[in-house]
Amino acid sequence: MAGGNGELKLIGQWASPFVARVKLALNFKGLSYEYVEEDLRNKSELLVSINPVHKSVPVLIHNGKAICESPVILQYIDEAFSGTGPSLLPADTYDRAIARFWVAYIDDTLGPPWDRVFRAKTDEERAEAMRETFAAAGALERALRECSKEKDFFGGDSVGYVDIVVGSLIPWVKATSVLAGAELVDAAKMPFLAAWMDKFSELDKAKAILQDADSLVEHGRMLMAKNAAARASNND
């Protein structure tokens, strides 16, 4: 049970930053839940039945009803459990819109080239994907300066919606630096974002959730090897 607010179950996959988002949100809100690890190579009947459109994780089940897609889930958690823990979204309507904008930016502009880093067919394609990812990450540096209003977090004095979404990426930032051979968040070029990452990573509620970067490096190498093998097979 989650603080008397009903039964919560999260269907996820350990390496997914989207799943980590939901875990972070639940943890910062102080909500207990059951976690079910999903094998995405052999999707369960449960996953297919509760998310028939995308058949992907995360899926949050609250009192038997499924909520899909991590931005929707995070906003649902904040609204459904408004009386529990801190608010994730700002109280001000304009500030809420800005927070939603930056989460959409992360998913639509930062995410796609970052994903291509692991799926690139050639070194040239990987280098171009990294350049696009660097550029997109640079915008987050500017956003932190503007949105934080010289306070500790994107959400101001406390962790909010954007902090949780960006925070869920920290282990993959570290893993990508190893896998791609270049620092994704360079403290010299992105001092605010680098300092924010260090601060967020040290929060107890974050440390309890964020994945081990070395484990993600191994997972990333497996994904890259799998993609290379698939391309070789298609070329035969």
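We use all heavy atoms of the structure for the numbers below, so side chains are in, but hydrogens, waters and symmetry mates are not.
- For the atom pair CZ of Arg96 and CZ of Arg100, the computed distance is 6.0 Å after rounding to the nearest 0.5 Å.
- Side-chain contact check for His219 versus Gln211: every heavy-atom pair is 4.5 Å or farther apart.
- Checking side-chain atoms of Lys29 against main-chain N and O of Thr84 turns up a donor-acceptor pair under 3.5 Å.
- In the hydrophobic clustering of ILVMFWY residues, with side-chain heavy atoms under 4.5 Å counting as a link, Val185 and Ile170 come out together.
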Take Glu7 and His62 through the test side-chain contact (heavy atoms from CB on, under 4.5 Å) and record every step on the way to the result. CA-CA 6 Å; Glu7 182 180 348; His62 182 209; over 6 Å; no
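- Remark: Ser16 OG to Leu216 CG distance equals 10.5 Å, nearest 0.5 Å.
- Heavy-atom neighbours of Lys65 NZ from other residues, nucleotides or ligands within 6.0 Å: at or below the threshold of 12.
- Considering all non-hydrogen atoms of both residues, Gly167 and Leu210 come closest at O-CD2, 3.4 Å.
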From CA spacing to verdict: side-chain contact (heavy atoms from CB on, under 4.5 Å), Lys151, Ser158: CA-CA 9 Å; Lys151 296 183 178 179; Ser158 61; over 6 Å; no
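- Here the straight-line distance linking atom CZ of Arg41 with atom CD of Gln13 works out to 8.5 Å at 0.5 Å rounding.
- When every heavy atom of Leu89 is checked against every heavy atom of Asp78, the shortest pair comes out as N-OD2, 3.0 Å.
- Residues Ala129 and Thr133 share a closest heavy-atom pair of O-OG1, 2.7 Å.
- Between Val36 and Glu34, the closest heavy-atom pair is CG2-OE2, 3.9 Å.
- Within the model, atoms CG of Asp39 and OG of Ser44 stand 9.0 Å from one another, a figure rounded to the nearest 0.5 Å.
- The shortest heavy-atom contact between Leu47 and Ser56 is CD1-O, 3.4 Å.
- When the side chains of ILVMFWY residues are joined at heavy-atom separations under 4.5 Å, either directly or via intervening members, Phe18 and Tyr35 end up in two distinct hydrophobic clusters.
- By the rule that hydrophobic residues join a cluster once side-chain heavy atoms approach within less than 4.5 Å of another member, Ile106 and Phe153 end up as members of one cluster.
- Distance check, rounded to the nearest 0.5 Å: CD1 of Ile77 to CG of Leu8 gives 7.5 Å.
- Remark: the backbone N or O of Leu40 is not paired with any side-chain donor or acceptor of Lys43 at under 3.5 angstrom.
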Please tabulate, for the side chains in residues 188-204, all donor-acceptor contacts under 3.5 angstrom to protein atoms that are two or more places apart in sequence or on a different chain.
| residue | atom | partner | partner atom | Å |
| --- | --- | --- | --- | --- |
| Trp196 | NE1 | Asp163 | OD1 | 2.9 |
| Lys199 | NZ | Asp152 | OD1 | 3.3 |
| Ser201 | OG | Met197 | O | 2.7 |

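- Under a hydrophobic-cluster definition in which Ile, Leu, Val, Met, Phe, Trp and Tyr are linked whenever side-chain heavy atoms come within less than 4.5 Å, directly or via other members, Tyr94 and Trp102 are assigned to the same cluster.
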Are Ile67 and Val59 close enough, and set up right, to give a side-chain contact (heavy atoms from CB on, under 4.5 Å), and what steps lead you there? CA-CA 6 Å; Ile67 305 96; Val59 180; over 6 Å; no
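- With a 6.0 Å radius and a threshold of 12 heavy atoms from other residues, nucleotides or ligands, Arg119 has its CZ atom at or below the threshold.
- The hydrophobic clustering, which links ILVMFWY residues whose side-chain heavy atoms are closer than 4.5 Å, places Ile209 and Val103 together.
- Considering all non-hydrogen atoms of both residues, Asn27 and Ala208 come closest at ND2-CB, 3.9 Å.
- Within the 4.5 Å cutoff, no side-chain heavy atoms of Val159 are placed close to those of Leu24.
- Side-chain N or O atoms of Arg126 include none that pairs as donor or acceptor with a backbone N or O of Lys121 at under 3.5 Å.
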Which pairs would a plain distance check flag for residues 171-183, meaning a side-chain donor or acceptor within less than 3.5 Å of a matching protein atom at least two apart in sequence or in another chain?
| residue | atom | partner | partner atom | Å |
| --- | --- | --- | --- | --- |
| Trp172 | NE1 | Ala15 | O | 2.8 |
| Thr176 | OG1 | Trp114 | NE1 | 2.8 |
| Thr176 | OG1 | Trp172 | O | 2.6 |
| Ser177 | OG | Val173 | O | 3.1 |
| Ser177 | OG | Glu183 | OE1 | 3.4 |
| Ser177 | OG | Leu184 | N | 3.4 |

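- Side-chain atoms of Tyr105 come within 3.5 Å of backbone N or O of Ala136 as a donor-acceptor pair.
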Do Phe154 and Leu144 pass the side-chain contact (heavy atoms from CB on, under 4.5 Å) test, and can you show the C-alpha distance, the side-chain angles, and the key distance before you say yes or no? CA-CA 6 Å; Phe154 284 97; Leu144 177 57; 3.8 Å; yes
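- Between the CG atom in Asp95 and the SG atom in Cys147 there is a gap of 8.0 Å [rounded to 0.5 Å].
- The other residues sharing a hydrophobic cluster with Met222 are Leu223, where clustering joins ILVMFWY side chains under 4.5 Å apart.
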Would you check, one step at a time, whether the test salt bridge (Lys or Arg N to Asp or Glu O under 4.0 Å) holds for Arg21 with Asp107? CA-CA 12 Å; Arg21 289 179 185 181; Asp107 286 348; 2.4 Å; yes
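- Atom NZ of Lys226 is surrounded by 12 or fewer heavy atoms from other residues, nucleotides or ligands within 6.0 Å.
- With a 4.5 Å cut-off on side-chain heavy atoms, Leu74 and Val22 count as touching.
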